[in-house]
Amino acid sequence: MNRCPWAGTDPDYTTYHDNEWGVPVYDDRVLFEFLVLESAQAGLSWITVLKRREAYKKAYDNFDPNIVAFYDDARIDWMIESTGIIKHRKK
């Protein structure tokens, strides 16, 4: 397989390149996942976010928007304290 130079040799990056990048997505849950991950990327490299993908999957209940929509303050506080995801808390 020919890979774009940006994919490098990191397994997370090459798997993403080979199986997801440029592939149309129609599943709402997958679209929500990418919305969350792309939002986390702001100013960071994509590989930084990909390395935390499993932590995001856990934090966002497998990216189920029907569950996330009902997160309460306790759940959001838990997410803020989580070490696996990228976040910024305004003070």
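- Contact of the W46 side chain with the L37 side chain is registered, since non-hydrogen atoms from C-beta on lie closer than 4.5 Å.
- Under the 3.5 Å distance criterion, the side-chain polar atoms of D64 are matched with a main-chain donor or acceptor of N66.
- At a threshold of 4.5 Å between non-hydrogen side-chain atoms, the residues Q41 and T48 do not count as touching.
- The residues D61 and R75 are annotated as salt-bridged, a charged nitrogen and a carboxylate oxygen being separated by less than 4.0 angstrom.
- Remark: side-chain polar atoms of Y56 are not paired, donor with acceptor, to backbone N or O of L50 under 3.5 angstrom.
- A salt bridge links E33 to R53: one of the charged nitrogens lies within less than 4.0 Å of a carboxylate oxygen.
- Rounded to the nearest 0.5 angstrom, Y71 OH and D77 CG are separated by 13.5 Å.
- The shortest distance between side-chain heavy atoms of C4 and W21 falls below 4.5 Å.
- Within the 3.5 Å criterion, the main-chain N or O of P11 finds a donor-acceptor partner in the side chain of T14.
- The main-chain N or O of L35 is found under 3.5 Å from a side-chain atom of S39 such that the two form a donor-acceptor pair.
- Across all their heavy atoms, G84 and A55 have their closest contact at O-CB, 3.4 Å.
- By the 30° and 60° cut-offs, the orientation of the rings of F32 relative to F63 is perpendicular.
- Here the CD1 atom belonging to I47 is positioned 5.5 Å from the OH atom belonging to Y13, to the nearest 0.5 angstrom.
- Crowding of K51 atom NZ: a count of heavy atoms from other residues, nucleotides or ligands under 6.0 Å exceeding 12.
- Annotation: D27, atom CG; neighbour count of heavy atoms from other residues, nucleotides and ligands within 6.0 Å is above 12.
- Contact of the I85 side chain with the R52 side chain is not registered, since no non-hydrogen atoms from C-beta on lie closer than 4.5 Å.
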